[in-house]
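To start, the structure itself, in structure tokens.
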Amino acid sequence: MPPATVESTLAAIRFDANGLVPAIAQQHDTGEVLMMAWMNRKSVAESLATGRACYWSRSRQSFWRKGDTSGQVQHLRELRVDCDGDTLLLLVDQAGVACHTGRRSCFYRAATADGLSTIADVVTDPLVLYPPHGHKHETT
């Protein structure tokens with residue numbers, strides 16, 4: 001994406017007092033909501049420039065290039081800014097699973113009359129995604 005387009009997109013975003021904006025990742029072709037994470041100016045700019053989703057990890061205070069640890073990359077198809085400019089929607093092509101639990105989506109629990117129920121099974125063993133030899137799993 002041309003630098004001028006990246007700059008005009010950044011100008012439309014209202015980052016919070018911490019310089020962050022919530023971003024929802026959605027599978028571009030099925031509409032499946034995959035995850036929510038945070039982005040700052042640099043991670044938005046990198047995502048637009050590279051075509052690969054990059055977030056800001058609040059827990060690690062560093063960039064989180066989705067898939068660097070797990071191999072489960074998100075290819076950015078389109079970035080949308082909501083009407084108020086304070087929330088982003090990333091339409092992505094998710095390679096594999098999006099959740100560190102090994103599920104396709106982070107939204108795998110539903111509130112039911114009987115309490116919180118798991119509605120999606122583990123697709124990939126988290127130990128395969130994040131071997132126990134010192135790698136931290138991807139978190140926001």
Between atom CZ of Arg103 and atom OG1 of Thr124, what is the distance when rounded to the nearest 0.5 Å? 11.5 Å

Looking at every non-hydrogen atom in both residues, tell me the closest pair between Met39 and Ala23 and how far apart they are. SD-CB, 3.6 Å

Contact between Glu32 and Ser105 at the side-chain level, heavy atoms closer than 4.5 Å - yes or no? yes

Of all heavy-atom pairs linking Ala25 and Val92, the shortest is CB-CG2, 4.4 Å

Would you compute the distance between atom CD1 of Ile24 and atom SG of Cys106 and round it to the nearest 0.5 angstrom? 12.0 Å

Test side chain to side chain contact (heavy atoms under 4.5 Å, CB included) applied to Thr118 and Tyr108, step by step: CA-CA 6 Å; Thr118 299; Tyr108 62 89; 4.0 Å; yes

Per the salt bridge (Lys or Arg N to Asp or Glu O under 4.0 Å) rule, what does the pair list look like for residues 6-18, sequence neighbours excluded? Glu7-Arg41

Are the side chains of Ser70 and His100 in touch, meaning some heavy atoms are under 4.5 Å apart? no

Is the shortest side-chain heavy-atom distance between Arg52 and Val73 below 4.5 Å? yes

Quick one: sort the Phe63 and Trp56 rings into parallel, tilted or perpendicular, breaks at 30° and 60°. perpendicular

Specify the closest pair of heavy atoms between Leu76 and Ser47, including all atoms of both residues, with the distance to one decimal. CD2-O, 3.5 Å

Can a salt bridge be assigned to the pair Arg65 and Glu46 using a cut-off of 4.0 Å between side-chain N and carboxylate O? yes

For Thr112 versus Ser117, what's the shortest heavy-atom pair and its separation? OG1-OG, 3.3 Å

Beyond-backbone contact of His28 with Glu78, side-chain heavy atoms, under 4.5 angstrom: no

Indicate the atoms forming the closest heavy-atom contact of Ile119 with Ala110, along with that distance. CG2-CB, 3.8 Å

Who passes side-chain hydrogen bond (donor to acceptor under 3.5 Å, both in side chains) against Thr9, sequence neighbours left out? none

Leu79 and Val44, any side-chain heavy atoms less than 4.5 Å apart: yes

Distance col, row Gln27:CD vs Arg77:CZ, nearest 0.5 angstrom, shows 8.0 Å

Heavy atoms of other groups near Asp121 CG, more than 12 under 6.0 Å: no

Applying the side-chain contact (heavy atoms from CB on, under 4.5 Å) criterion to Phe15, which one of Leu10, Leu20, Asp86 satisfies it? Leu10

Heavy atoms, side chains only, cut-off 4.5 Å: are Arg104 and Gln94 in contact? yes

Quick one: does Leu88's side chain get under 4.5 Å of Ile13's, heavy atoms only? yes

Test item: Tyr55 and Gln74 side chains (from C-beta on) under 4.5 Å apart, heavy atoms: yes

Closest heavy-atom pair and its distance - Leu34, Ala98: CB-CB, 3.8 Å

Nearest 0.5 Å, what's the CE-OG1 distance between Met1 and Thr50? 10.5 Å

